[in-house]
Amino acid sequence: MSLTSSYSSLALEHTLSCLHKCSTEVELKQVHARMLKSGYFHDPYAITKFLSFCLSSSSSSTFSSYAQDVFLNGLDRPDTFLWNLMIRGLSSSDQPETSLLFYHRMLSSSATHNPYTFPFLLKACSNLSAFQETTQIHAHLTKLGYGNDIYSVNSLINSYAVTGNINHARLLFDRIQEPDLVSWNSLIKGYAKAGEMDIALTLFRKMPPAKKNAISWTTIISGYVQAGMNKEALQLFHEMQNSNVPPDKVSLASALSACAQLGALDQGKWIHSYANKQRISIDSVLACVLIDMYAKSGDMEEALRVFKNITKKTRSVQVWTVLISGYAYHGLGGEAISRFTEMQKMGVRPNAITFTAVLTACSYTGLVEQGKSVFHTMERDYNVKPTVEHYGCMVDLLGRAGLLDEANRFVKKMPVKPNAVIWGSLLKACQIHKNVELGERIGEILIGMDPNHGGRYVHMANIHAMGGKWDKAAETRRLMKEQGVVKVPGCSTISLEGTTHEFTAGDRSHAETEKIRTEWRIVRRKLEENGYVPELEDMLLDLVDDEEREAVVHQHSEKLAVTYGLMKTEPGTTIRIMKNLRVCKDCHKVMKLISKIYKRDIVMRDRTRFHHFRDGKCTCGDYW
DNA sequence: ATAGGGTTAG
C-alpha cells in the first residue's frame with residue numbers, strides 16, 4: 001500500500017512497538033482498538049504485523065485466539081497472503097489442528113491459491129500424523145499444478161514418511177529427476193521411522209557425499225537411537241567426525257542419547273567437553289540429554305552440576321523432569337521430592353511424565369504418604385489426568401510398602417484396565433512380602449496374559465515354593481519349558497580406562513578368566529570370614545541341590561565384573577557396573593559386603609534402577 | 001516455503 005494514507009509511517013511504527021510490549025490480553029485489546037481507530041486495519045502491512053505478533057511462538061495462546069477472531073470477523077475478504085500467514089503462523093506455533101481448519105476455511109472462501117502454504121500445511125499434517133489430510137492436500141496441490149514444486153514434493157515425502165506411509169514417500173522420491181538434500185533426508189527419515197534401518201543406511205550410503213549435511217548425519221544417527229541400536233549410532237557418530245561435516249548441537253544431542261542408554265560415561269563426557277570446546281551453548285535439549293547421560297551412567301553429582309550451570313530459563317519442564325527421574329532411579333526420593341517442590345515454586349508446570357518420575361521416586365523410597373498426596377494433586381491442581389503409568393506407580397508404591405490389600409483394592413477400583421506391568425508389580429510385592437495366596441492368584445492372571453514371558457513363570461514358581469508347594473513349583477517349571485520360554489543370560493559390563501569388559505554368567509571368554517576366578521575365590525573366603533552365607537532363594541528353579549545352586553550363583557556375571565574391578569582399580573575408586581537383568585539376592589548381598597570390607601563404593605546399574613553400595617549398605621534399602 | 005535432537009511405571 002502506498003503511503004498516501006492519512007497517518008504517518010512513524011506513528012504506525014510507534015503503535016507497533018507498543019504492540020510488541022503487550023503481555024496481557026487487556027493491553028492487546030487496547031492496542032487493537034487504537035489501530036482500528038487510526039485506520040491501520042486498512043493497511044495490509046499493519047494487519048500483517050498485528051497477526052504475526054499474536055501468532056508468534058513467544059506469545060501466549062490467548063493472543064493466538066484473539067488473532068483468529070480478528071482475522072475471521074474483523075477483516076474484509078482477507079487475501080491469499082493473509083490466509084497463508086494464518087496457516088503458517090498456526091502451524092509453527094504448535095496449533096496444527098487450527099492450521100488445517102483455516103486451510104479448509106480458505107478453500108471455501110474466495111481466496112486464490114499460491115504454493116507457499118503447502119509446506120506449512122504438510123508440516124501441520126506431520127505434527128498431527130494425519131495421513132488422510134496429507135492425501136487430500138496432495139491431490140489439491142496436484143490439481144493446482146504445484147506437483148513438481150520441489151518444496152511441496154519434499155514436504156509431501158516428509159508427511160508420508162512420518163505418517164508411516166513410506167511407500168507413498170518412495171514413489172514421490174523416485175519420480176523426482178534430481179532429488180535434493182531435503183528429499184534424501186526426508187526419505188531416510190521415513191525408513192528410519194518405519195524401523196527399516198538397513199534400507200535407511202543403504203540410502204544414506206547411496207546419497208551423494210557432497211550433499212550430506214549435519215541433518216543427514218543426525219537423521220541416521222537418531223534413527224539408530226530410536227531403534228535401540230545405540231552402538232551403531234555411536235559408530236556412525238564417529239564416522240561423522242571423520243567426515244567433512246562437523247557435528248552441531250543436534251548431532252551431539254543424538255549421540256548423547258545413545259550414550260545415556262548405553263551408560264557410556266566416557267564417550268558422553270567426551271561429547272560434553274567437545275561441546276564446550278566448540279563453544280556450543282547448552283540449550284534445554286542438550287541439558288536434558290547431558291543430565292540423562294550422567295544420571296544413567298551413575299554420576300548424579302555431574303548431572304546436578306549440569307543442571308546448576310544452566311540458566312533458569314533453560315530449565316524447562318523436561319530438564320526438571322529428567323533430573324527428578326534421575327533421583328528416582330537412584331533411590332534418592334527425598335532429593336526428587338525437594339526438586340519437585342522447587343520446580344513448582346519456580347512456576348514450571350509439571351507434565352504427565354514429571355508425575356511419573358515423582359511417583360516412581362516415592363515408590364522406590366517407600367514415601368507412601370507423599371506419593372498419595374502427589375497423586376491426588378496431579379489432576380486437581382495441574383489438570384493432568386492419571387494414565388495407566390501413574391496408576392501403575394501407585395500400585396507399586398502400595399505393594400512395595402507391604403500394603404498388599406490396599407494395592408489390590410486400588411487395582412479393582414481404578415478407572416483403567418490393569419495391564420501386565422501392574423499385575424507384575426503386585427506379584428513382585430507378594431513375593432517380597434510373602435503373600436502366597438494373593439501371589440498365586442495374580443500369577444495365574446499374568447501367565448494367562450502373556451504366556452511367553454519367562455519371568456512370570458519364575459515368579460510364579462518362586463511363589464509356590466515360598467508356600468512350600470514344591471509340586472506346583474515343579475509343574476510351573478515344566479510349563480515354562482513346554483512353552484519354550486528362554487531365559488535371557490545375565491550380562492554385566494565394567495568400563496576401565498575406556499575399554500568395556502563384558503561378562504556373561506558362567507562365561508570364560510575373558511582373556512583373564514583364570515585370574516578372575518582365582519581372585520573371586522580369595523574374595524569369597526574373605527567374605528565368609530565376615531559371615532557371608534550364600535543366599536539361594538532366587539535360585540529355586542532348574543537346579544537340584546544347594547551345591548549346584550551355589551556353583552551357579554558364584555558364576556553370576558556381576559561377581560566376575562566386581563572381582564575384575566577390584567583387581568584393576570586403585571583402592572578407594574568407585575566401581576561402576578552395569579547389568580542387563582535385575583540383581584539376585586546373593587549378588588546384592590555380596591556387593592554390600594565388598595563395599596564394607598574393601599571400603600569401596602560400588603555403583604551398579606540394574607535393568608531398572610541403580611544400587612549404590614557403600615559401607616555395607618545399599619541405597620535401595622534392600623527393596624528392589 | 002521443505003529435512004535432524006529431550007524426560008515416562010516393572
Side-chain angles (χ1 to χ4, degrees), chain A residues 84 88 91-92 114-123 126 149-159 161-162 180-190 192 213-223 225-226 247-258 260 283-293 295-296 316-326 328-329 351-361 363-364 386-397 399-400 419-429 453 455-456 459 582 606-609 624:
Chain A
N84 280 349
R88 282 156 49 173
S91 172
S92 41
N114 65 29
Y116 300 107
T117 328
F118 291 106
F120 285 97
L121 271 177
L122 290 164
K123 189 177 190 152
S126 306
D149 172 49
I150 191 75
Y151 291 105
S152 296
V153 176
N154 285 343
S155 301
L156 277 170
I157 293 175
N158 186 53
S159 293
V162 307
D180 71 3
L181 177 64
V182 179
S183 325
W184 281 100
N185 288 349
S186 303
L187 191 69
I188 292 171
K189 168 78 195 286
N213 66 359
I215 299 183
S216 324
W217 283 98
T218 310
T219 304
I220 193 82
I221 292 170
S222 65
V225 174
Q226 272 153 30
D248 63 6
K249 65 173 174 179
V250 185
S251 332
L252 297 188
S254 305
L256 278 167
S257 281
D283 66 8
S284 124
V285 178
L286 266 178
C288 229
V289 286
L290 274 172
I291 293 170
D292 194 36
M293 183 277 292
K296 291 207 171 106
S316 59
V317 212
Q318 290 93 331
V319 170
W320 283 100
T321 304
V322 85
L323 184 71
I324 293 170
S325 76
Y329 52 72
N351 63 20
I353 302 174
T354 318
F355 283 107
T356 313
V358 177
L359 293 174
T360 308
S363 148
Y364 282 10
T387 61
V388 67
E389 284 91 349
H390 301 108
Y391 288 104
C393 290
M394 289 309 287
V395 174
D396 199 53
L397 175 79
R400 274 173 197 269
N419 59 14
V421 176
I422 288 182
W423 291 122
S425 111
L426 252 190
L427 181 65
K428 183 75 194 168
H453 191 298
R456 309 273 182 252
H459 275 156
R582 284 187 166 198
D606 213 38
R607 201 169 65 76
T608 51
R609 61 167 298 163
W624 77 95

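Side chains are part of it too, since the values below use all heavy atoms of this structure and drop only hydrogens, waters and symmetry mates. Each chain gets a letter, A, B and so on, in the order the sequences are listed, and its residues count up from 1.
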Undergrad: List in chain and number order the residues that pass side chain to side chain contact (heavy atoms under 4.5 Å, CB included) with A/Ser254, two or more places apart in sequence or in another chain; answer none if no residue qualifies.
TA: A/Thr218, A/Ile221, A/Ser222
Undergrad: Main chain of A/Asn185, side chain of A/Thr219: is a donor-acceptor contact present, judged purely on distance under 3.5 Å?
TA: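 Absent.
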Undergrad: For A/Lys189, enumerate each residue passing the salt bridge (charged side-chain N to carboxylate O under 4.0 Å, His left out) test, keeping only those at least two apart in sequence or located in another chain.
TA: none
Undergrad: With sequence neighbours excluded, give me every side chain to side chain donor-acceptor pair (under 3.5 Å) pair touching residues 420-429 of chain A.
TA: A/Asp396-A/Ser425
Undergrad: Could you tell me the separation between the CZ atom of A/Arg607 and the C1' atom of B/dT8, rounded to a whole number of Å?
TA: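 Rounded to the whole Å, the gap is 15 Å.
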Undergrad: Under 4.0 angstrom, heavy atoms only, what part of the nucleic acid is A/Asn419 near: base, sugar-phosphate, or nothing?
TA: base
Undergrad: Which letters describe nucleotides 2-7 of chain B, given B = protein heavy atom under 4.0 Å from base, S = only from sugar-phosphate, - = neither?
TA: BBBBBB
Undergrad: Counting any heavy atom closer than 4.0 Å, what does A/Val388 reach on the DNA or RNA strands: base, sugar-phosphate only, or nothing?
TA: base
Undergrad: Please work out if A/Arg582 contacts a base, only the sugar-phosphate, or nothing of the nucleic acid, heavy-atom cut-off 4.0 Å.
TA: sugar-phosphate
Undergrad: Please list, chain by chain and in numerical order, all residues satisfying side chain to side chain contact (heavy atoms under 4.5 Å, CB included) with A/Asn158, sequence neighbours excluded.
TA: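 Testing A/Asn158 for side chain to side chain contact (heavy atoms under 4.5 Å, CB included), a comparison that skips the adjacent residues, returns A/Ser126, A/Val162, A/Ser186.
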Undergrad: Test of understanding: with ring pair (Phe, Tyr, Trp, His ring centres under 6.0 Å), list the residues that count as partners of A/Trp184, not counting sequence neighbours.
TA: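 Counting only residues at least two positions away or on another chain, A/Trp184 forms a ring pair (Phe, Tyr, Trp, His ring centres under 6.0 Å) with A/Phe173.
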